[in-house]
Enquirer: 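Before I ask anything, let me first share the structure, which is written out below as structure tokens.
Counting starts at 1 for both ligands and their atoms, following the listed order.
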Amino acid sequence: MPLNKIRQERLAWLEWKDIAPMREALASLPKIENITTTLGNSIHIDALHVNDSDKEIIKEYTLALRPWRKGPFELFNTFIDTEWQSFIKYNLLEPYFNLEGKIVGDIGCNNGYYLFRMLSHKPKKLVGFDPSALYKTQFDFINHFLKSDIVYEMLGVEHLPLYEHKFDTLFCLGVLYHRSDPIQTLKALYQGLNPDGELILDTFMVDGDTPVALCPSKTYSKIPNVYFVPTIPALTNWLERAKFKDIEVLEIKKTDASEQRKTEWIYGESLEHFLDPLHPDLTIEGYPAPQRVYIKAKR
Ligand SMILES: Nc1ncnc2c1ncn2[C@@H]1O[C@H](C[S@+](CC[C@H]([NH3+])C(=O)[O-])CC(=O)[O-])[C@@H](O)[C@H]1O
């Protein structure tokens, strides 16, 4: 199906009954002058003069947009203490990339936290892909104040081969384990890159020297749509089958409570409920606890 037809169909998602009221509120948000933005661990948006009633409207609206998974953000007097301290992943990866003048895509960008951080690299263009009407609405909300020219597409990784242009750098963070066809997904990323383009990827991994993958039964760490958790040799084989070269392991990191935890900005549970309380090295299902590998590879 042509990309514009997919885009057109997905616009209707913004009219779903849980999303439509959020979109209406978005259209009537207060216009605040002389905004200042600080792109640090927390994305901080402020202004010299914001009246109390505007601050209150913004706070109410921010609460209505829950769950907030990626961040944190600070909007005037509202601190969005997101489930994930996303700066830990961003700061871990930042020494390994230089985006100046580049066409950059973040595939599975959620509300755009990393894209906002990447603005300080002065890339030529930033594009985020994420097929979620809620996360797009969170992005539009932040961008209402921040006013960046980041392009947000409600598309998935599978649409990259059809995209109107290629990318110099693609990030695909925390998406591969959600795909039932990981090699096909890596092929789509490969096809989305310019010659000499680079991929920065992270995914759950299990320890081991054999090229095998854990195939969770119904859930992994209570997440229902996790299909394959590879060893590094298995992941390397997948990347090579998708034709990637110069595959580098940048870091390996266990997820802990300093990175992912329950806050008032999400509904339901978080990492502390996903691990075996007596054996925190295991998930509640008895699998090895979440651990991620960070990879860089060249087209
Ligand atoms: N087909 C798809 N194509 C692209 N994205 C998708 C698709 N389906 C779902 N998503 C999106 O992929 C993201 C997965 S979270 C990673 C966020 C961020 N990258 C992070 O690394 O913190 C998982 C995690 O928290 O690890 C969500 O925003 C989905 O909407």
Enquirer: Answer side chain, backbone, both or neither: which part of Phe171 comes under 4.0 Å from ligand 1, heavy atoms only.
Expert: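 Answer for Phe171: neither.
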Enquirer: Please determine if Arg292 has a nitrogen or oxygen closer than 3.5 Å to a nitrogen or oxygen of ligand 1.
Expert: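 Between Arg292 and ligand 1 (N or O atoms, distance only) the closest approach is under 3.5 Å.
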Enquirer: For atom 4 (C) of ligand 1, grab the closest protein heavy atom and report residue, atom and distance to one decimal in Å.
Expert: Val157 N, 3.6 Å
Enquirer: Can you find an N/O atom of Leu173 closer than 3.5 Å to an N/O atom of ligand 1?
Expert: yes
Enquirer: Measure the distances from the heavy atoms of Pro131 to every atom of ligand 1 and state whether one is below 4.0 angstrom.
Expert: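 Flag set, Pro131 near ligand 1.
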Enquirer: Could you check which of Gly108, Cys172, Gly128 puts a non-hydrogen atom nearest to atom 5 (N) of ligand 1?
Expert: Gly108
Enquirer: Below 4.0 angstrom, N of the basic side chain to O of the carboxylate: do Glu269 and Lys222 qualify?
Expert: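 Lys222 and Glu269: salt-bridged.
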Enquirer: Do Tyr177 and Tyr227 have ring centres separated by under 6.0 Å?
Expert: no
Enquirer: For the 3.5 Å polar cut-off, considering only N or O atoms, please tell me whether Tyr177 and ligand 1 meet it.
Expert: yes
Enquirer: Evaluate the criterion ring pair (Phe, Tyr, Trp, His ring centres under 6.0 Å) for residue pair Tyr114 and Phe171; output intermediate values, then yes/no.
Expert: CA-CA 10 Å; Tyr114 302 130; Phe171 292 82; 7.9 Å; no
Enquirer: Return the closest protein heavy atom for atom 25 (O) of ligand 1 as residue, atom name and distance.
Expert: Lys70 NZ, 2.6 Å
Enquirer: To check you understand the geometry: which heavy-atom pair defines the closest contact between Glu153 and Val127, and what is its length?
Expert: CG-CG1, 4.0 Å
Enquirer: For His178 and Asn225, indicate whether the former's side chain and the latter's backbone hold a donor-acceptor pair under 3.5 Å.
Expert: yes
Enquirer: Are the side chain of Thr82 and the backbone of Gly71 linked by a donor-acceptor contact shorter than 3.5 Å?
Expert: yes
Enquirer: State plainly whether the residues Lys125 and Asp149 are in salt-bridge range, i.e. N to O under 4.0 Å.
Expert: no
Enquirer: Specify the protein heavy atom at minimum distance from atom 30 (O) of ligand 1: its residue, its atom name, and the distance to 0.1 Å.
Expert: Asp130 OD1, 2.6 Å
Enquirer: What residue and atom, counting heavy atoms only, is the protein's closest point to atom 15 (S) of ligand 1, and at what distance?
Expert: Gly174 O, 3.8 Å
Enquirer: With distance as the sole test, does Asp130 use its side chain to make a donor-acceptor pair with the main-chain N or O of Asn110 at under 3.5 Å?
Expert: yes
Enquirer: Going by distance only, is there an N or O of Asn110 that falls short of 3.5 Å from an N or O of ligand 1?
Expert: yes
Enquirer: If you have a sec, work out which protein heavy atom is nearest atom 22 (O) of ligand 1 and how many Å separate them, to one decimal?
Expert: Tyr114 OH, 2.9 Å
Enquirer: Does any part of the side chain of Glu83, heavy atoms only, come nearer than 4.5 Å to the side chain of Gln260, both counted from C-beta?
Expert: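 In short, these two side chains touch, coming nearer than 4.5 Å.
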Enquirer: In terms of atom number and element, which parts of ligand 1 are under 4.0 angstrom from non-hydrogen atoms of Lys89?
Expert: 20 (C), 21 (O), 22 (O)
